[in-house]
Structure formats: C-alpha cells, structure tokens
Amino acid sequence: MLQIPFIRDNKERIIANLAKRNIDATEMISEVINLDEARRTTQAQLDNTLAEANSLSKEIGNLYKSGETQKANILKEKSGQLKELSKELTETLNEKSEALSQLLYKIPNVPNDSVPAGSTEDDNEEIFRAGDIPTLYDGAVPHWEIAKKYDIIDFELGNKITGAGFPVYKGKGARLQRALIAYFLDKNTAAGYTEYQLPLMVNEASGYGTGQLPDKEGQMYHVTADNLYLIPTAEVPGTNIFRDVVLNESDLPIGITGYTPCFRREAGSYGAHVRGLNRLHQFDKVEILRVEHPENSYKALDGMVDHVKSILEDLKLPYRILRLCGGDLGFTSALTFDFEVFSTAQDRWLEISSVSNFETFQANRLKLRFKNKEGKNELAHTLNGSSLALPRVLAGILENYQTEKGIVIPDALVPYTGFSIID
RNA sequence: GGAGAAUUGGCAGAGUGGUCGAAUGCGGCAGUCUUGAAAACUGUUGAGGGUCACACCUCCGGGGGUUCGAAUCCCUCAUUCUCCGCCA
C-alpha cells in the first residue's frame with residue numbers, strides 16, 4: 001500500500017511509472033487525493049465537535065460537584081446534540097476512510113525506474129545468462145516421463161488422493177526433495193539467514209499484511225470454518241512476523257529463511273504448459289526474506305540475486321536472469337528479478353526463483369517500522385526471494401542430468417541424497 | 001470442549017466512573033561528574049491523525065454498548081494462564 005503523503009508529493013512520477021504496468025492511474029490518484037482531503041476535512045470537524053463535547057463534560061462534572069444540577073441538566077441537552085453530530089461525522093469519516101483504503105489496496109506498487117515498460121513476459125529484459133545447455137542423448141524425454149520411467153513421482157496417485165496438481169513423490173524422488181530442501185536451507189543459513197519453521201495457515205490480517213488480500217483472494221485456499229488461508233508462499237507468515245513491529249535501527253538488516261509447502265489454487269491455468277511439475281497446487285519452496293534499511297535495500301536485492309546465482313552454479317544448471325517488465329511485475333513489487341532454468345527436454349525456460357524489493361509497500365500495510373537516528377519511526381523495506389522453488393528445480397535436474405544410464409545427481413546434492421544416480 | 005483468572009506505554013507494573021494518555025521501576029536518549037568507562041545524580045522518553053508551528057482529536061487486546069463523562073460498568077470476539085476433559 002502506498003503512503004498518502006508520498007502520493008501527494010509524487011503524483012506525476014507515480015502515474016508515469018505505473019504506466020509501465022499498463023495502468024492509467026491518473027483517475028485513481030486524483031481520487032485518492034480528493035478522498036484524503038475530504039477525510040481530513042471531516043476529521044477536523046469531528047475533532048472540533050469532540051473537543052467541544054469534552055470540555056462540556058468537564059463543565060458538567062464541575063457543576064455536579066458544586067451542586068448546580070439545574071445548570072448541568074441544561075448543558076446535558078447540548079451535549080446530546082453534539083453527540084448526535086459527532087455520530088454523523090464519524091459515519092461520514094468511516095465512509096471516506098473505507099473508500100480511501102479500498103482504493104489504496106487496489107493501487108499496485110510503483111515500479112522502480114529501472115523497470116522496463118511492457119505488457120507480457122516477452123518484454124522482460126534478460127540481464128544475465130550462465131551455464132551450458134547440455135546436449136542430451138537421443139532418448140531424452142521431459143520430466144513427467146522420467147518420473148514415470150524411474151517411478152519417482154506419481155501424478156495419477158495424487159489425482160486419486162486429492163486431485164490434479166498434488167503429486168506424490170516416492171522413493172528416490174521423495175529423498176531428492178528432502179535433499180534439496182536441506183541443501184537450500186544449509187546454503188541460506190550459511191549466508192547468514194536465520195532458519196524459521198512457520199505456520200502453513202494464516203489469518204486474514206496476515207493476508208492483508210503482505211498484500212495477498214484482497215488482490216489474490218481467489219488464488220488462496222480458504223479454510224472457511226476458521227477463516228484461515230493456506231499460505232501460497234512462506235513470504236506471508238514470514239513477513240508477518242514483523243507486522244506491527246517497531247525495530248531498532250541496529251536490528252537491521254534481518255534475514256530469515258524457511259521451508260514451507262505452498263498452496264495455490266491457480267484458478268484459470270490449464271493446458272500443456274502446466275504439465276508435470278510445471279504448475280502445481282501444492283509445492284515445496286525454500287524462501288529467503290529480508291528487512292532492510294531503506295538506504296540499503298537495493299544493495300541487499302543485488303546480494304540476494306548473487307546468492308541465488310551461487311546456488312544455481314553449485315547445481316550446475318543453465319539459467320538466466322530477467323528483469324521483469326511492468327506488465328509482469330507482481331502487485332506488491334517495485335523491482336523483481338526472475339531466475340529461469342533451461343529445461344532442455346521441454347526446450348523452454350522454467351521460472352524457479354523470483355527475487356523482489358517491495359520497498360515500503362508491504363511495510364506500510366504491516367506497520368513495520370524502525371526507530372531512525374532522529375528517533376522517529378520510519379517504514380523499513382522488505383524483500384524476498386525463493387531459494388529455491390523445488391518442482392522446477394527438480395524438473396531441471398531430471399531433464400538436464402538425464403543419461404542413458406539414469407539421472408545423475410549433481411555433486412553438490414550427493415551428500416544430501418546419499419546416492420549419485422537414479423536408475 | 002467445560003470452569004475460573006487475566007490482557008495497560010520497549011519491558012515490568014499501579015490504576016474500578018470526571019483532576020488519567022495514565023503512578024512507579026527497568027530500559028532508551030541527553031547532560032553533570034570522570035583521562036575514558038562504570039556507578040551516582042539531573043533532565044527527557046508511547047503511537048496515530050491534524051497544523052507552517054501550536055491548538056485540538058483518537059488509542060489502555062479487537063469490536064459494540066451504557067453514561068453528560070469509560071482504562072475503570074455491560075455485551076461480544078480473540079489471545080494467555082490455571083484446573084478439568086480429550087488427544088497425536
């Protein structure tokens with residue numbers, strides 16, 4: 001959520017940069033400003049009314065004390081009128097505030113100046129590429145066939161137990177999953193991130209805190225009996241650690257990592273591109289999150305990018321990094337770098353990590369602040385990234401490491417799997 | 001799930017209808033003293049809205065109510081603790 005004073009002061013810049021998301025925010029922005037003005041006017045009227053009522057109450061109290069009941073009763077009547085007036089004003093105020101926050105919830109974060117304009121993923125800007133795309137043997141196949149061939153992932157069984165998008169990993173497949181999780185967590189904690197194990201369901205306030213609500217209402221599984229949501233990413237419980245928190249400046253930066261399953265309804269996505277592990281309702285992910293001083297957040301973002309790079313280099317997977325264009329940028333993000341692994345057998349790039357700086361957009365909703373040098377509370381910056389999302393890394397490994405003899409496990413993972421080939 | 005108790009500023013903790021945005025202690029910050037530090041002493045120190053700045057308004061777990069007036073009384077929800085029940 002954008003801050004109102006920021007909107008007031010940066011109207012043109014906001015509109016110009018939101019245009020990169022293909023949004024014409026002119027009307028919304030001026031409506032925000034109008035509503036805010038109306039809100040403030042009403043607030044001032046209400047304040048004055050309440051001030052009058054307060055002093056009247058004091059007077060009445062004094063009159064009672066001195067036994068002047070008659071006079072007190074006269075003032076009581078006046079007080080009743082003020083009460084009525086304040087009720088009306090409160091109602092107006094609530095309406096304005098509600099309308100204002102509803103509107104603010106709908107305005108996405110302002111893209112960073114470096115974000116290219118564009119509407120689809122084709123407009124994303126490739127900024128880095130590394131790793132060799134292997135030449136596969138003649139019998140190479142996509143991962144869903146590999147999974148069947150070696151009996152390591154059973155999609156049909158998942159269909160039976162739950163439904164499409166809930167695969168069952170077995171044997172070496174399950175072990176490989178566990179190995180990846182352990183390896184990622186070790187890698188992250190070695191880089192200074194503190195490991196957390198987080199709730200897999202969150203309440204409504206947390207959903208709003210990180211911006212999934214109301215924007216992605218329909219994309220989360222909702223446990224209606226208790227009004228809880230299954231997390232679509234560890235970002236939600238992880239970032240909400242800091243909801244309504246005032247940190248000391250010396251607490252910054254904070255880095256945390258956690259493994260969680262993620263649940264996404266993925267309403268509306270069907271077709272060949274969602275085959276196998278490419279798009280699931282339940283998948284595993286290890287996440288990294290940072291809380292940073294506003295001055296350092298972009299440096300921290302680069303640090304996160306380097307960290308994810310080092311993981312992919314350990315795994316020796318061919319990958320590229322994209323700077324997302326405005327149209328592809330998430331609602332809450334100011335700047336996002338996507339990592340994609342090349343799936344040789346599918347002949348396409350698969351997104352495996354998304355590293356973003358949210359600046360104060362989440363912090364404003366969360367009320368995540370720190371006491372700055374002047375002793376004032378200032379919004380912190382939040383960042384997060386996947387390191388990494390499991391299914392597509394798994395797909396990448398299965399497809400890029402397939403040989404006639406079987407799937408060769410990347411050296412970095414062997415200590416975790418306890419085996420070096422799936423055959 | 002049942003019964004009881006509780007929820008106050010960064011923390012601890014007083015406050016049961018008006019003079020309470022709230023005693024006191026700890027912590028934080030600034031100063032005195034000191035070569036420096038510690039100790040001691042002095043001052044200062046919640047958040048949000050509003051204003052050029054004041055004024056002023058709101059906030060004592062959340063929401064609602066009673067009252068001229070609520071941290072204080074009532075209702076409701078959440079959370080915590082104790083006891084009972086159930087249970088991986």
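Throughout, a chain's letter reflects where its sequence line sits, starting with A, and its residues are numbered from 1. All values derive from a computational prediction rather than experimental measurement.
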Problem set entry | Inter-nucleotide C1' distance (B:rU72, B:rG18), Å rounded | 12 Å
Classify [X] by what it touches in the nucleic acid, base, sugar-phosphate, or nothing, heavy-atom distance under 4.0 Å.
{"X": "A:Ser79", "result": "sugar-phosphate"}
{"X": "A:Leu50", "result": "sugar-phosphate"}
{"X": "A:Ala44", "result": "nothing"}
{"X": "A:Asn54", "result": "sugar-phosphate"}
{"X": "A:Lys83", "result": "base"}

Problem set entry | Rounded distance in Å - CG (A:Leu89) to P (B:rU58) |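 It works out to 13 Å between those atoms.
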Exercise. Hey, does the side-chain of A:Asp47 have a donor or acceptor N/O within less than 3.5 Å of a partner on the base of B:rG49?
Worked result: yes
For this session: Go through A:Met1 and A:Arg365 one step at a time and tell me if the side-chain contact (heavy atoms from CB on, under 4.5 Å) criterion holds.
Result: CA-CA 6 Å; A:Met1 187 163 63; A:Arg365 283 193 191 185; 3.5 Å; yes
Kindly say if [X] contacts the phosphate of [N], meaning a side-chain N or O under 4.0 Å from OP1 or OP2.
{"X": "A:Arg369", "N": "B:rA47", "value": "no"}
{"X": "A:Asn62", "N": "B:rG18", "value": "no"}
{"X": "A:Lys76", "N": "B:rU67", "value": "no"}

Problem set entry | Aromatic centroids of A:Tyr208 and A:Tyr105 separated by under 6.0 Å |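 Aromatic pair counts; centres sit under 6.0 Å.
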